[in-house]
Amino acid sequence: MTIRLFDYFRSSAAYRVRIALNLKGVAYERVPVNLLEGEQADEANRARNPQGLVPTLEIDGQMLVQSLAIIDYLDARFPEPRLIPADPAQRARAWAQALAVACDIHPVNNLRILKYLSHPLGVPQEARDAWYRHWVAEGFAGLERMAAGAGAFLGGERPGIADICLVPQMFNARRFDVDLAPFPTLVRIDAAAQALPAFAQAHPDRAKPA
């Protein structure tokens with residue numbers, strides 16, 4: 001079975017799926033889609049992904065889109081290790097933490113939003129970066145409180161869906177010089193996750209085209 005991931009190396013959403021595939025031990029082929037050159041909007045990519053986004057996972061004869069939907073599929077298709085808890089209360093907590101990143105932080109700070117702030121709105125780079133840092137810090141403040149009493153990871157003693165969302169957002173936060181000192185729990189968990197091969201191998205520095 002050939003599994004293909006259409007992604008961009010710095011896309012947070014694609015980064016999540018690379019981590020999930022690695023945690024599951026699923027071999028896959030990467031097919032780059034260059035967001036900076038606008039390849040996501042071309043007809044070939046829209047045929048795979050009607051929104052003209054990344055990632056898209058080609059698997060089992062299906063073209064799957066939206067990173068969290070893809071991860072949910074992977075958890076059902078390859079049950080071990082579990083990324084989403086089976087227990088209802090634990091499941092709700094894991095999704096709440098994951099969605100705090102994927103719904104409340106990432107959407108207002110992704111590339112297409114930042115580009116729109118610059119053109120056509122004409123927001124200067126300094127103000128655009130301040131926008132980015134504000135929304136990351138506000139989202140992380142809530143997630144830091146949600147992480148009170150966390151174990152080695154947000155997901156407990158092994159990483160799960162929330163950690164898969166956290167690590168790419170921490171990578172981007174550092175790119176934009178977000179002050180992470182107020183979020184010691186998140187910094188600790190991010191370091192623990194990045195020490196695992198599944199996370200390290202998915203890092204944008206490893207996924208960057210040659």
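For the numbers below, each heavy atom of this structure counts, side chains included, while hydrogens, waters and symmetry mates do not.
Of the possible donor and acceptor atoms, none in the side chain of N172 sits under 3.5 Å from a partner among the backbone N and O of R175. The backbone N or O of A86 sits nowhere less than 3.5 Å from a side-chain atom of R91 that would complete a donor-acceptor pair. For the pair D7 (side chain) and P55 (backbone), a donor-acceptor distance under 3.5 Å is absent. In terms of modelled atom types and a separation under 3.5 Å, the side chain of N45 and the main chain of L53 share a donor-acceptor contact. In this structure a side-chain-to-backbone donor-acceptor pair under 3.5 Å is present from E144 to T185.
In this structure, R77 and D60 approach most closely via the heavy-atom pair NE-OD2, 2.7 Å. The heavy-atom pair separating V54 from N49 by the smallest distance is N-ND2, 4.3 Å. Scanning both residues, Y15 and P168, for their nearest heavy atoms gives CD1-CB, 3.3 Å. Closest of all the heavy-atom pairs between R46 and A41 is NE-O, 3.3 Å. The two atoms that bring N22 and Y28 nearest to each other are OD1-CE2, 3.6 Å, heavy atoms only.
Enclosure of atom CD in Q125 by more than 12 non-hydrogen atoms of other residues, nucleotides or ligands within 6.0 angstrom is indicated. Sparse packing is recorded around CZ of R112, with 12 or fewer heavy atoms of other residues, nucleotides or ligands lying under 6.0 Å away. Under a cut-off of 6.0 angstrom, the local environment of CD in E43 is sparse, with at most 12 non-hydrogen atoms contributed by other residues, nucleotides or ligands.
Using a 4.5 Å heavy-atom cutoff, the side chains of P159 and V167 are not in contact.
We find the CG-CD1 distance between D75 and I71 to be 9.0 Å, quoted to the nearest 0.5 Å. If you take OG on S67 and CD1 on I161, they are separated by 7.5 Å, rounding to the nearest 0.5 Å. To the nearest 0.5 angstrom, I59 atom CD1 is 6.0 Å from L74 atom CG.
F176 pairs in a ring pair (Phe, Tyr, Trp, His ring centres under 6.0 Å) with only one of the listed residues (F171, W135, Y132), which is Y132.
Side-chain N/O atoms of T56 and R48 include no donor and acceptor closer than 3.5 Å.
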